[in-house]
Amino acid sequence: MAKIGVYAGSFDPVTNGHLDIIQRASKLFDQLYVVIMNNTSKKYTFTFAEKQELLKKSLLPLNCSNVEVKTAANQLVAQVAHELGAQFLVRGLRTAADLNYEISMQQINHLQNNKLETMYLVSQPQYMYVASSMIKEVASYGGRVTDWVPEPVALALQQKLGTQS
């Protein structure tokens, strides 16, 4: 039986921290689906199609042949995992505060799909403070974000926000 994982998020925008989690998780599974999802509590800069394109471009240098990018706008992650035949949900942890939130989410996901196991990968130290919302804030004021996001994302932020990144 193939080991299939799902790494879901809003990826608005995808960061180097996300890419690190994807690359590390890809080594653990036969198939890893990176699923762009909707979070009703967030305001987005990029459309689903733009995020999908940026993710695909950003993944090219990683040579992760077992990674596939998908979108799921109006579903729960547990439902998406079930449809994809995934047994594992991959989540990244930056800080202890993330863990408290993720434990709650794990319980909700398990109630929706009791065959789904949540697996946590701790961020590398250089990515622990990087958040998409922070990157968008810096970029919106013309700050440099190239240390935190891949080049295609930095360019897209510059175009979308009309600033230099």
Side-chain angles (χ1 to χ4, degrees), residues 2-46 48 51-52 54-56 58-59 61-64 66-73 75-139 143 145-150 153-154 157:
K3 288 189 295 186
I4 301 171
V6 167
Y7 179 45
S10 56
F11 303 108
D12 190 63
V14 62
T15 69
N16 291 337
H18 291 131
L19 295 177
D20 177 63
I21 296 292
I22 292 167
Q23 187 169 41
R24 290 165 51 207
S26 74
K27 296 174 185 172
L28 304 173
F29 300 103
D30 299 308
Q31 178 70 48
L32 177 66
Y33 292 102
V34 178
V35 183
I36 302 164
M37 301 197 66
N38 189 34
N39 181 334
T40 57
S41 66
K42 292 185 177 182
K43 180 180 175 220
Y44 294 118
T45 300
F46 296 102
F48 270 85
K51 290 189 273 189
Q52 188 172 26
L54 287 171
L55 248 169
K56 286 180 178 181
S58 299
L59 286 169
L62 301 183
N63 293 323
C64 297
N66 64 331
V67 175
E68 186 176 338
V69 177
K70 297 219 173 251
T71 61
Q75 290 181 279
L76 296 171
V77 69
Q79 294 168 324
V80 173
H82 175 75
E83 288 172 9
L84 295 172
Q87 308 95 339
F88 300 94
L89 181 61
V90 176
R91 301 297 297 161
L93 294 176
R94 292 175 298 181
T95 65
D98 284 351
L99 180 60
N100 290 333
Y101 172 79
E102 292 296 340
I103 288 172
S104 298
M105 290 306 302
Q106 184 274 329
Q107 293 298 317
I108 291 169
N109 289 328
H110 190 73
L111 287 171
Q112 302 300 313
N113 178 350
N114 65 6
K115 293 180 172 73
L116 187 62
E117 289 294 334
T118 302
M119 183 181 148
Y120 302 104
L121 292 177
V122 177
S123 292
Q124 298 294 335
Q126 66 267 33
Y127 305 124
M128 286 187 155
Y129 61 92
V130 178
S132 294
S133 58
M134 177 204 56
I135 290 167
K136 289 189 288 190
E137 181 80 10
V138 171
V145 297
T146 52
D147 292 337
W148 305 315
V149 296
V153 174
L157 282 167

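Between Asp98 and Tyr101, the closest side-chain pair of non-hydrogen atoms is not below 4.5 Å. Residues Val90 and Ile21 are in side-chain contact: their nearest non-hydrogen atoms beyond the backbone lie under 4.5 Å apart. For the pair Leu89/Tyr7, no side-chain contact is recorded, criterion being any heavy-atom separation below 4.5 Å from C-beta on. With a 4.5 Å cut-off on side-chain heavy atoms, Tyr33 and Val80 do not count as touching. Within the 4.5 Å cutoff, side-chain heavy atoms of Leu99 are placed close to those of Ile103. By the 4.5 Å heavy-atom criterion applied to side chains, Phe11 and His18 are counted as neighbours. Within the 4.5 Å cutoff, the side chain of Val67 has no heavy atoms near those of the Gln31 side chain. With a 4.5 Å cut-off on side-chain heavy atoms, Leu54 and Phe46 count as touching.
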(request) Starting from the C-alpha separation in whole Å, work towards a yes-or-no answer on side-chain contact (heavy atoms from CB on, under 4.5 Å) for Leu59 and Val14. (result) CA-CA 10 Å; Leu59 286 169; Val14 62; over 6 Å; no
(message) What verdict does the side-chain contact (heavy atoms from CB on, under 4.5 Å) test give for His82 and Lys115, after you've listed the backbone C-alpha separation in whole Å, the side-chain angles of each residue and the deciding distance to 0.1 Å?
(response) CA-CA 9 Å; His82 175 75; Lys115 293 180 172 73; over 6 Å; no
(message) Is there a ring-ring contact (aromatic ring centres under 6.0 Å, His included) between Phe29 and Phe88? Walk through the geometry before answering.
(response) CA-CA 9 Å; Phe29 300 103; Phe88 300 94; 5.5 Å; yes
(request) Go through Tyr120 and Glu102 one step at a time and tell me if the side-chain contact (heavy atoms from CB on, under 4.5 Å) criterion holds. (result) CA-CA 9 Å; Tyr120 302 104; Glu102 292 296 340; 3.6 Å; yes
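Taking every heavy atom of both residues into account, Ala2 and Asp30 meet most closely at CA-OD2, 3.3 Å. Across every non-hydrogen atom of Ile4 and Gly85, the tightest pair is CD1-O, 3.6 Å. The heavy-atom pair separating Ala72 from Val35 by the smallest distance is CB-CG1, 3.8 Å. Summarising the geometry of Asn38 relative to Ala73, their closest heavy-atom pair is CB-O, 3.0 Å, with the distance given to 0.1 Å. Nearest heavy-atom pair across Ala81 and Leu116 is CB-CD1, 3.8 Å. In this structure, Ser132 and Pro13 approach most closely via the heavy-atom pair OG-O, 2.7 Å.
Checked by atom type and distance alone, the side chain of Lys51 pairs as donor or acceptor with a backbone atom of Ser10 at under 3.5 Å. One N or O on the side chain of Arg24 and one on the backbone of Val122 form a donor-acceptor pair closer than 3.5 Å. The main-chain N or O of Asn39 is found under 3.5 Å from a side-chain atom of Tyr44 such that the two form a donor-acceptor pair.
For the atom pair Met105 CE and Leu76 CG, the distance stands at 8.0 Å (nearest 0.5 Å). Rounded to the nearest 0.5 Å, atoms CD1 (Ile135) and CG (Asn16) are 7.5 Å apart. To the nearest 0.5 angstrom, Asp20 atom CG is 9.0 Å from Thr15 atom OG1. The CD atom of Gln126 sits 11.0 Å away from atom CG of Asp147, with the distance rounded to the nearest 0.5 Å. Rounded to the nearest 0.5 angstrom, Met128 CE and Ser123 OG are separated by 6.0 Å. Distance CD/Gln23 to CG/Leu32: 11.5 Å, rounded to 0.5 Å.
Ion pairing between Asp12 and Lys136 holds under the 4.0 Å rule for side-chain N and carboxylate O.
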